[in-house]
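These notes concern the structure reproduced below.
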Amino acid sequence: MNAEAVTDSGIWFRVEASSAASAVRRAAERLGAQVGIGEVRIADLAIVAAELTSNLVKHADEGVLLLRPVRRAGQAGVELVAIDSGPGMADLTVSSQDGHSTTGTLGIGLGAIVRQASWFDGYSLPGRGTVFAVQVWPAEPARPSWAGALTRPITGETVSGDGYAVRVADGRHQVLVSDGLGHGPLAGAATDAALAAFRNAPAGPPAAVVAHLHRSMSHTRGAALAVAELAPEAGVLRYAGLGNIAGVIVEEDGRRRGLVSLPGIAGHQRPTIREYDYPLGPGSRLVMHSDGVADRWRLEDYPGLAERSPLVMAATLLRDAGVRRDDACVLVARSWT
C-alpha cells in the first residue's frame, strides 16, 4: 500500500492484531508526508495511530479504523476514525485521562492521543461500542466542520460507489450524498462525476444544483443523489433528491421528520426535480444516507450522541445501521444557531 492510494474517501483497516496496528502506523506516516504536515507532526501522528490501534487490539471487539486526508480552509491534515462494537466505556472523559487503565497498564493511551491531536471527539456506550475521531493538522487546526460523513465500500471492494461533498457557495451551506448505480469502479466514477459537478456548480438552491448534476453526469451510469441546504438563520432546510437517498431531520427532542426524494436517476432519463422546504430548529441534525444503511436507527437509543460532532454521530450510525452487502454512506450536518 502506498500513500498515493489514500484518496479523500480514505482506507479502512480491520484492526484485530498487532500486525494491523503496525500497518496503520506506517500508512499514517506516509499520508502525513503526502499532505505535508511536517516531520514533528508526523511523529505526533504516529503516536496517535499507535495508541488508537493498540486500544482496538487490546480492548475492542470488531475494531476497524478509517485513515484519510482532511482539507479545510486552505489546510490539509490527517484524520483517523476508530470504531468498535464493544464493550464500550461508561465514561469516555475519565478513560481519556492519564493514569486510567482497565488492564493494569500505565493508562496513558487515550491521554496521549488527546495531547497529540489538533482535534478529537468520541462517543461510547456500554454494550454498543466506541467511536473515537482524531485530526492532526500541521499548525493551528481548522475549525470543526458543521458537517461530517463517512463512506465504506461493499465487502470485497476497495472502491465505494457512494460519496458525499460539502460546500459553502455564496453563503449557501450545502451537502450532497450520491449513490452510483451498482458497485465498484463504474459506480465510483458516477459518484466522482457528481461530486466534481457539485463542487463546481453555480451557487443556487438545491433544485438548481441537482439539475446541474443531472446534466453533468450523462456520460456515466448515473446515480441516486440528494442535495440539502441548511439555513438555520431562516429556520429552514431546503432539499431536492432523486432516487433512494434517505434524508431525515432529527429535532433536538429526538423527533424525526422524513425528507422527500422523487424517483429518478441523475444523468439518465428526464427526471422531475422538485425542492421542498422543511422547518429547521435550533439544535437540529440533518442525517442523509444511501440505501447501504438501514433506516432502523433511533436517536433515543444513543443518549448524548446528538451533542457529539457530526462526524462521530455519522460513524456511530454507520457502525450500527450499515450493511455489508452494499456500499454505505452516512452524512450528518448540524444547525449552528
For this session: Would you list the pairs meeting salt bridge (charged side-chain N to carboxylate O under 4.0 Å, His left out) in which at least one residue belongs to residues 11-24, sequence neighbours left out?
Result: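 Those involving residues 11-24 are Arg14-Glu16.
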
For this session: Verify whether one side chain among Glu251 and Ser284 offers a donor that lies under 3.5 Å from an acceptor in the other.
Result: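 Yes - a donor-acceptor pair under 3.5 Å links their side chains.
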
Exercise. Would you say the side chains of Ser290 and Asp179 form a donor-acceptor pair under 3.5 Å?
Worked result: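 Judged by distance alone, the side chains do not pair up.
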
Would you confirm whether [X], through its side chain, and [Y], through its main-chain N or O, come within 3.5 Å as a donor-acceptor pair?
X      : Y      : answer
Thr53  : Ala50  : yes
Arg167 : Ala201 : yes
Asp162 : Ala328 : yes
His214 : Gly267 : yes
Ser124 : Met89  : yes

For this session: Might you work through the side-chain contact (heavy atoms from CB on, under 4.5 Å) test for Arg319 and Val131, ending with a clear yes or no?
Result: CA-CA 9 Å; Arg319 178 195 66 196; Val131 170; 4.2 Å; yes

Is there a side-chain contact between [X] and [Y] in this structure, where contact means two heavy atoms from C-beta onward sitting under 4.5 Å apart?
X      : Y      : answer
Asp327 : His183 : yes
Ile37  : Leu45  : yes
Met313 : Tyr302 : no
Val287 : Leu299 : no
Val293 : Leu317 : no
Val40  : Ile42  : no
Val136 : Gln116 : no
Val236 : Leu280 : no

Pairs touching [range] that satisfy side chain to side chain donor-acceptor pair (under 3.5 Å), sequence neighbours left out:
range            : result
residues 266-275 : none
residues 66-75   : Asp8-Arg71, Arg68-Glu79, Arg68-Tyr164
residues 235-250 : Glu229-Arg238, Asn244-Asp291

Other than [X], what residues sit in its cluster of Ile, Leu, Val, Met, Phe, Trp and Tyr side chains whose heavy atoms are under 4.5 Å apart, directly or through others?
X      : answer
Met217 : Leu176, Leu195, Phe198, Val209, Val210, Leu213, Leu225, Val227, Leu242, Ile273
Trp137 : Val70
Ile265 : Leu181

Exercise. Does a side-chain N-to-carboxylate-O contact under 4.0 Å join Asp253 and Arg255?
Worked result: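 Salt bridge present between Asp253 and Arg255.
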
Establish whether [X] and [Y] are linked, either directly or via other cluster members, by ILVMFWY side-chain heavy-atom contacts under 4.5 Å.
X      : Y      : result
Val24  : Ile47  : no
Val177 : Val168 : yes
Val260 : Leu237 : yes

Using atom types as modelled, flag every donor-acceptor pair under 3.5 Å from a side chain in residues 144-159 to any protein atom, sequence neighbours excluded.
residue : atom : partner : partner atom : Å
Ser145  : OG   : Ala147  : N            : 3.1
Ser145  : OG   : Ala147  : O            : 2.8
Thr155  : OG1  : Arg324  : O            : 3.3

Problem set entry | More than 12 heavy atoms from other groups under 6.0 Å of CZ on Arg256 |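 Yes, because the 6.0 Å sphere around CZ of Arg256 holds more than 12 heavy atoms from other groups.
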
Exercise. Which class fits the ring pair Phe132 and Phe120: parallel under 30°, tilted 30 to 60°, perpendicular over 60°?
Worked result: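 Rings of Phe132 and Phe120: parallel, as their planes differ by under 30°.
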
Problem set entry | Trace of the side-chain contact (heavy atoms from CB on, under 4.5 Å) decision for Val64 with Asp84 | CA-CA 6 Å; Val64 295; Asp84 67 66; over 6 Å; no

Qualifying residues under side-chain contact (heavy atoms from CB on, under 4.5 Å), relative to [X], sequence neighbours excluded:
X      : result
Arg296 : Ala294
Ser216 : Ala197, His212
Arg26  : Ser22, Ala23, Arg30

Exercise. In Å, rounded to the nearest 0.5 Å, how long is the span from CD1 of Ile83 to CG of Leu65?
Worked result: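 Going from the CD1 atom of Ile83 to the CG atom of Leu65 covers 8.0 Å.
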
Exercise. Can you tell me how far CD of Glu51 sits from CZ of Arg115, rounded to the nearest 0.5 angstrom?
Worked result: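 It is 9.0 Å, given to the nearest 0.5 Å.
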
Problem set entry | Listed partners of Arg285 passing salt bridge (charged side-chain N to carboxylate O under 4.0 Å, His left out), at least two apart |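 Applying salt bridge (charged side-chain N to carboxylate O under 4.0 Å, His left out) to Arg285 gives none.
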
